[in-house]
Structure formats: structure tokens, C-alpha cells
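A quick write-up on the structure given underneath.
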Amino acid sequence: MEETTLEGLCGRRRPWFEVRHRGGTTHTRGTPHCHLGHRLDHGGRHGPDGVFAQWDWDGHRLVVRNDRYGIHPLFYACHGGMIRVSPSIFQVLDGDVPRTLDDTALAVFLRLGFFIGEATPFECVHVLPPGSTLTWQDGACSLERGDPSVPAPDPPVASFDEAVERYIALFRQAIARRPPPEAGFTLPISGGRDSRHILFELLTQGHPPAGTVTVQSRPPSANEDLRIARILAAELGLENVQIAMPRDYFAASRKDIELTQLCGSGHTWLLPVAAWLQAHGVQTLYDGLAGSVLSGGFQVNEEKLALARAGHTRKLATRLLRENGLQPFLSQALRPPMDRRLDEAPAMEAVAAELERHVDAPHPLMSFIFWNRTRRGISLIPFSILGSVETVYCPYLDHDLFDFLFHLDAGYSMGNALHDEALRRGYPQYAHLPFEDPAAPKAPMSAESAHYRRAVRGFLAEFARHPGRLGSRMVRSERILAMLTRDLLRPRCPRTWYLQPALYLLELEACLEAD
């Protein structure tokens, strides 16, 4: 199993541009023209397909645009006659931008694990809305938002069988619109459905990958991804590189916060893949972004679906905000007045208001998840963590395929029924290949204890190196120290679930103090 190092990964070395109007004169700094991601112009009704963000300065006017979904992260701040734009929030903050926290947005993030809408931790910094055009001229900003409507397929789907057949055909078209370059491509694969669907269709169309990569999961995972990837690679005659998980979970969590631009967490598992791709100069890959959301019923159950269909947005907001169980930790760990500023009540109102925007969607819960969790949280994997890769194709976001899946009956996708049947019918020659086994035995407790005990030692060492953090104005450092000490001294050290939110708040505080 290959080992990687995370030192070369950086979330700050990204392009940026600033233009300022002062005293009748315009001053600029940075990169005046920048096109990120990829555009596909195949004449669709929604304009250019693909995932992209761009800005252009013509000497008088700055125009910033992005893709239909706003998938590619792009941050901007307009303040005091100045605009600063970048795919890195740190580059935006390096300008003359107030670092005042957006308390409600932060209260939502700490409970959901992702921001909603266009919010960031800072009042003055936003992400560009989906399909929008932002224009700056002579010190004034104007924003033209994109059309959020998703047209229904014509003709409508009449049955589950028809849904499966059209899914197969539209996915085939999505891959055909995204052929790999002659130089080849790499495909990350797992034990799930999204990467498998991409792999099977690429092979069907005569495009075998130059290689596949799979990363080891941290304990107590059974590492079914590694087992299934070996089976797939052997069956299909492909090379599969298996990459070890980050040894230092604490250091990986800090790097994750940086690479996700203070807007995500929980992606530490992918960092070794990012390091491997960067070290090997990989410039093209395929990603299954949104596949499990659009066709697998991800994060949807009957209870939440019923609340969404009935329009009980406040009840559903409460359910979503409390799923992670972090409220007791926040109540104990936040220092006054931060505990009052980041109270659950405003977060609940904000999430309920966002849910209201989706109540008329064919599948309101899936719509909320896609436009928020997928767009604001999971998209940070292919377009921030894997930022060294020039082109990341996301076939599930093909406009025609997306419109079709968005309007399907929610019951079709529950429990992966739709996706499983599409794979079985579309690729019968591979139907015998197994999926991950949810009942596979987990890693031994000794491996889990060793992994998280190293993280505890890393966090304690951080306090020793930076004793000023013991006086944090955001978190009760003494409470965090007590939890770390308790877990270090236990015979068995369980998963340190509090490490990521505590570290996030300390890193955010360091960013504020750097102003």
C-alpha cells in the first residue's frame, strides 16, 4: 500500500484578482483573466455544460461567471469600492475585507457540516450563486442571478422500468460528451455505485483508464472499498493503486479545513488521493459527484421525506440540525458570548427558510440536499481538495441527465433501487461483481484506539506549541483539554468526534486574529 505526504497540498496558492476604485482612479492587482474548470458547448437549453468559474477584466469592467449549478467554489467580497475574487477564501480575506463573522451561517455550519445558500463564515465574503453573472464597474457591484428552474423531461416518465432505460441512455450520452484526452485519465474507484457506473460506461465506449486509485479508510471501517476495488481491477484487467490513510488524523483534519476554505470538514480520507494525484501530475479524472443524491436516495428516509412533502420545514430543519448530535458539545465547549451568538434558534430559522425554497420541487428533500450539501460541501472534494487536477468531469451533472433525475418519483431511488437496476441492465456482463458488504467485520478496537490516540497526542502537542490557544475567546480550551486528557488515559481511545469542530473553531479564530 502506497504512503503519501500531505505537505505539498495547499489551499492558499490559488489565483485571485482585486480591483479598487478610489479618487476617480482604478487600481488592480492579481490575475486579470482566469478560467477554472471546464466548459462543454453542446448546444443545450441551459447554456454551457460542465463545471466552471471565470473572471475577465477588460480595463474598465470586471465580469465574473460560473456554471449552472455553482458547483465550482468561487469566493468574492465587495467592500468600500473594491472587489476581490478567488477560488480561495484566504486570498479574498488577504484584501481589505472585514473579517466579521456571520453568526447565523456559522451556527448552521457547525450543526450541518456545510454552509447553505451563498454564506461563508464571514459576513462580507460570499460564494457566487449558481449560474450567475457578477459585474463590477467604477466601484459598484451588480449581481444577476441564474434561473434556478429545472424543466421536466418530455415526455414524462411513466414507470420504474422506463426510468431505468432512460437513465442508462442519458448516462451513456453524458459520458460520450466527456471523452478523455489522448493523454489518458485516472479514475478513483470505491465499493459504491457512482464510480462503478462511470468505469463501466467508459470501458463500454472504449476508454479504459490509465489507472485507478483507492484509499484506505480510517478505523473502524472494514475497508470494503479496498476489497471491492481489487476485485474490479482484477476482473477488468486494470491497475489499482491502493493508498494508505493519513497516519496523523490531527494534521489531516487541519489540512482538510485549509483545503476546504473554512467551508467544509470530514474529508480527511481523500487527502492522500489528492497528494498522490498531484505527485503523479494527473490532469484529468472523472468524479461521481451527485450520483448518490440524484439516483441513490442518499440521506433520504421516509420520515424526512414525509416532512418535506408536507411542508413541515421547521420540524425538518430541527431533524437535520440535530442529526449529528453536536448540540451538547457546542453547549459545553463554546465560551460566552459565542454560545449565545451561535445559538440553535437562528440556525433553525435559516435552515427552515432554505427548505421553503425547495417545497415546490418534485423531490423537495433531494433538491435541498443537492443545492446545499452537494453544492457547498461535497463539491469541495473535486474542486478544492483535488484542486491540482486541471479537468474533473462530473457526468451526473450533465444537464439532460440532471433534469431527468431531478424530476423522478422519489420512491424510485430509495435504497439505490434505480441505480442498482440501471447497472444490472446496462452492463449485464458485470452483474456478478459484488458491492461493499455492510456486514463486513470492522477493524479491531486496538487499531481504532491507536489511530485516534495519535490524534489526541497531536492536539495536545498543538496546545503545547501554541499556549496562546489556551486563552481562546471562542472555545473553552480547558474543556477541550479535559476531553483530550480523558481519551489519552483511557485503556481504549474511541473516535475523537469532538476533534474536528474544536479544531475548526480554533483555526477560524486564528484567521480572525491574522487580520
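By convention here, the first residue in the shown sequence is residue 1. Small disclaimer: the values here were computed from a predicted structure and weren't measured.
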- Task: Verify the distance criterion only: is there a donor paired with an acceptor across the side chains of Arg13 and Gln91 at less than 3.5 Å?
- Result: no
- Message: So Phe171 and Pro395, do their side chains get closer than 4.5 Å, heavy atoms only?
- Response: yes
- Indicate yes or no: does Arg178 engage Asp49 in a salt bridge with an N to O separation below 4.0 Å. yes
- Task: Could you tell me how the ring of Phe115 sits relative to the ring of Phe109: parallel (under 30°), tilted (30 to 60°) or perpendicular (over 60°)?
- Result: parallel
- Query: Just checking, any donor-acceptor pair under 3.5 angstrom between side chains of Thr268 and Asp256?
  - Reply: no
- Any salt bridge between Arg111 and Glu323, counting N to O under 4.0 Å? no
- Message: Could you check whether Glu235 and His432, counting side-chain N and O atoms only, form a donor-acceptor pair closer than 3.5 Å?
- Response: yes
- Query: Got a salt bridge between Arg177 and Asp398, using NZ or NE/NH1/NH2 to carboxylate O under 4.0 Å?
  - Reply: yes
- Salt bridge between Asp147 and Arg68, side-chain N to carboxylate O under 4.0 Å? no
- Task: Tell me yes or no: between the side chains of Tyr427 and Thr204, is some donor less than 3.5 Å from an acceptor?
- Result: no
- Note on the structure: Tested for side chain to side chain contact (heavy atoms under 4.5 Å, CB included) against Pro209, the lone hit among Leu238, Ile198, Thr186 is Leu238
- So is Arg375 actually on top of Tyr69's ring, under 6.0 Å and inside 45° of the axis? no
- Message: I need the minimum non-hydrogen distance between Pro15 and Cys34, along with the two atoms involved.
- Response: CG-SG, 3.7 Å
- Within the side chain of Gln261, is there an N or O that forms a donor-acceptor pair under 3.5 Å with the backbone of Ile89? yes
- Query: Do the side chains of Val127 and Tyr76 get nearer than 4.5 Å, heavy atoms only?
  - Reply: no
- Between Lys442 and Glu448, is the closest basic N to carboxylate O distance under 4.0 Å? no
- Message: Does either side chain, that of Thr313 or that of Glu356, offer a donor lying less than 3.5 Å from an acceptor on the other one?
- Response: yes
- Query: Leu40 versus Pro48: any side-chain heavy-atom pair under 4.5 Å?
  - Reply: no
- Query: Is there a side-chain contact between Phe122 and Asp102 (heavy atoms, below 4.5 Å)?
  - Reply: no
- Item | Identified ring-ring contact (aromatic ring centres under 6.0 Å, His included) partner of Phe370 from the options Phe402, Phe406, Tyr396 | Phe402
- Regarding Asp403 and His46, is there a side-chain donor-to-acceptor distance under 3.5 Å anywhere? yes
- Task: Consider only side-chain N and O atoms of Asn66 and His72, and report whether a donor and an acceptor are under 3.5 Å apart.
- Result: no
- Message: Assess whether a salt bridge exists between Glu118 and Arg376, defined as any Lys/Arg side-chain N lying under 4.0 Å from an Asp/Glu carboxylate O.
- Response: no
- Query: Which word best sums up how the rings of Phe185 and Tyr286 line up, parallel for under 30°, tilted for 30 to 60°, or perpendicular for over 60°?
  - Reply: perpendicular
- Message: Are Thr135 and Cys141 packed together at the side-chain level, in the sense that at least one heavy-atom pair is separated by less than 4.5 angstrom?
- Response: no
- Should the pair Glu436-Arg227 be classified as a salt bridge under the 4.0 Å nitrogen-to-oxygen rule? no
- Message: What I want to find out is whether Arg425 reaches Asp161 closely enough, with some N-O distance under 4.0 Å, to be called a salt bridge.
- Response: yes
- Message: Tell me whether the NZ or CZ atom of Arg424 lies within the 45° cone about the ring axis of Tyr430 and under 6.0 Å from its centre.
- Response: no
- Heavy-atom pair of closest approach, residues Asp194 and Ser292: OD2-N, 3.1 Å
- Task: Any chance you could lay out the side-chain hydrogen bond (donor to acceptor under 3.5 Å, both in side chains) test for Thr214 and Asp225, step after step, and finish with the verdict?
- Result: CA-CA 7 Å; Thr214 307; Asp225 282 348; over 6 Å; no
